[in-house]
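Below: the structure, in structure tokens.
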Amino acid sequence: MKHISEMERPSTPHKYHQKNQSALNYIKAAAKKLAGVFSTLAFLTRPTKTASKGAPATPDGSRNYGQPPGISCSNNKRSSRFKYSDSYGSSNAASGQLVTENFSIEEINKATQNFSQANKIGEGGFGTVYKGRLGNGSLVAIKRAKKNMYDKRLSQEFKNEILTLSRIEHLNLVKLLGYLEHKDERIIIIEYIGNGTLREHLDGTQGLEIAERLDIAIDVAHAVAYLHMYTDTPIIHRDIKASNILITEKLRAKVADFGFARLAAEDPGATHISTQIKGTAGYLDPEYLRTYQLTEKSDVYSFGVLLVEMVTGRHPIESKRPLSERVTTRWAMERLKEGDAVLAMDPKLRRNPASNQAVERVLKLARQCLAPLRQSRPSMRKCAEVLWGIRKDFREKAFSYSPCPSSHRSDNFLNKDARKNRHHAFGLEDCDNYKFVSA
Ligand SMILES: Nc1ncnc2c1ncn2[C@@H]1O[C@H](COP(=O)(O)OP(=O)(O)OP(=O)(O)O)[C@@H](O)[C@H]1O
């Protein structure tokens, strides 16, 4: 899928781009500014001082909420690096605060075996992604920026990603573990999510069950709603798409790639007028394209495209199909309008009244998300609520009598744990006790 990253608008120079500051100074200033904000936020949202424990759960049971509240920077001869401490003052890890690992270029070279091809796991607009094993044995994903010191766009993207990731923590968002700026290297170390992207799962021979897709859609809705609502200033992801959704071993979702995130505070004023159109073809909000006005509702639009993708299994743009089917959202919405939502359903999904109905309801939600005018689109929070309802009804309908989900097929992606989890998700501890009432 083509990436649209630089369609420069001739006027309105971006304040953010004009800053002639080193990355370190910039980050220091931002950290200072943020410390106060996070300290209030931490009191409101966190019962304990520990970053990963004791955070309140969302209605869906996921852990949540914003930290790390304090960011401090240090620059030594090993690397430029971040430390994160909480809002309670000191930066002493021993006092129960979160401090990210400090990484040196030597450690990263070692972890990736000098960025060997064998460790390469992906490539995006920002650069190359490697899998790495740290000295303590843990696996990490290492994003290495393209080496172009004079490319302001990449530099800006790098800072955006760092700043955004450093401010947030949510179960359904990839976690930033560290950062390294060394000579012409800019590297981000993030948690490694080893079960592929949502797009890869949809493309896989077995795909995903409808219940799994609903769970994933809810995870994404939670993550994006969190970005929009729970942080001090709304964060617009700007690049919600299936290849940016990483799938865990338990088939839950983590939203990745904040390189394009634009923080309202860093945007010139509250107008959200953007100087560049960013995002990925097929997912872009037409109103944003028309007006250059970026709001949270642009993410909602992209989420609508994602929902269609998830239930049809198709890519947003299917260039090899007949003209009438090339734009998947248009094609699927036509089927919905004609009362034939089931015809748009991914052939890999099994048909029964419960899944047919769930697909139809997801497409109806997608239709709202894809509304041409942003005011008509629901919030991400609303999307999550609607999806909960769909999932609840689906479970009630389909799984009071249900087959053993793993019995009808093998699945390339599913390991034993994932299958076990799938049973838990459906409330099926012992498949033999259940019978499937076929559609
Ligand atoms: N945290 C991670 N854990 C495991 N794999 C990852 C991780 N982050 C990225 N990847 C892999 O690397 C690939 C490239 O990721 P990246 O975010 O750089 O680019 P992209 O999202 O595919 O493209 P673009 O950045 O241009 O939108 C992903 O598709 C995924 O396969």
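Here the structure is a predicted model, which means the values were calculated and not measured. Whatever order the structure lists them in is the order used to number ligands and atoms, beginning at 1.
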* Have Arg381 and Tyr226 got a donor and an acceptor in their side chains that come within less than 3.5 Å? ->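 Judged by distance alone, the side chains do not pair up.
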
* Modelled atom types, side-chain donor and acceptor of His237 and Asp257, under 3.5 Å ->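 The criterion, which ignores hydrogens and geometry beyond distance, is not satisfied for Asp257 and His237.
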
Say whether [X], considering both its backbone and side-chain N or O atoms, lies within less than 3.5 Å of an N or O atom on ligand 1.
{"X": "Asn244", "value": "yes"}
{"X": "Tyr192", "value": "no"}
{"X": "Leu246", "value": "no"}
{"X": "Glu191", "value": "yes"}

With heavy atoms only and a cut-off of under 4.0 Å, state how [X] meets ligand 1: side chain, backbone, both or neither.
{"X": "Lys131", "answer": "neither"}
{"X": "Thr128", "answer": "neither"}
{"X": "Thr280", "answer": "neither"}

* **Contacts of Asn119 that satisfy side-chain hydrogen bond (donor to acceptor under 3.5 Å, both in side chains) - sequence neighbours left out** =>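 So Asn119 forms a side-chain hydrogen bond (donor to acceptor under 3.5 Å, both in side chains) with Gln113, Ser116.
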
* Residue selection (non-hydrogen contact nearest atom 31 (O) of ligand 1) among Ile193, Thr197, Leu177 ->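 The residue whose heavy atom sits nearest atom 31 (O) of ligand 1 is Thr197.
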
Taking only heavy atoms of [X] into account, list the atoms of ligand 1 that are under 4.0 Å away from them.
{"X": "Ile190", "result": "1 (N)"}
{"X": "Gly124", "result": "18 (O), 19 (O), 23 (O), 24 (P), 25 (O), 26 (O)"}
{"X": "Asp239", "result": "27 (O)"}

* To do: Could you tell me which residues satisfy side chain to side chain contact (heavy atoms under 4.5 Å, CB included) with Gln117, sequence neighbours excluded, listed by chain and number?
  =>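 Partners of Gln117 by the side chain to side chain contact (heavy atoms under 4.5 Å, CB included) criterion, ordered by chain and then number, come out as Lys120.
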
* **Name of the residue among His315, Arg199, Arg314 meeting side-chain hydrogen bond (donor to acceptor under 3.5 Å, both in side chains) with Glu309** =>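 The side-chain hydrogen bond (donor to acceptor under 3.5 Å, both in side chains) with Glu309 is passed solely by Arg199 among His315, Arg199, Arg314.
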
* Have a look at Arg252 and tell me which of Asn172, Asp219, Asn195 forms a side-chain hydrogen bond (donor to acceptor under 3.5 Å, both in side chains) with it. =>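 Going through the options one by one, the only one that passes is Asp219.
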
* Does the distance from a Lys or Arg side-chain N to an Asp or Glu carboxylate O, for Glu106 and Lys110, drop under 4.0 Å? ->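 No, this pair does not count.
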
* Is the closest basic N to carboxylate O distance between Glu209 and Arg213 below 4.0 Å? ->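 Answer for the salt bridge query: no.
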
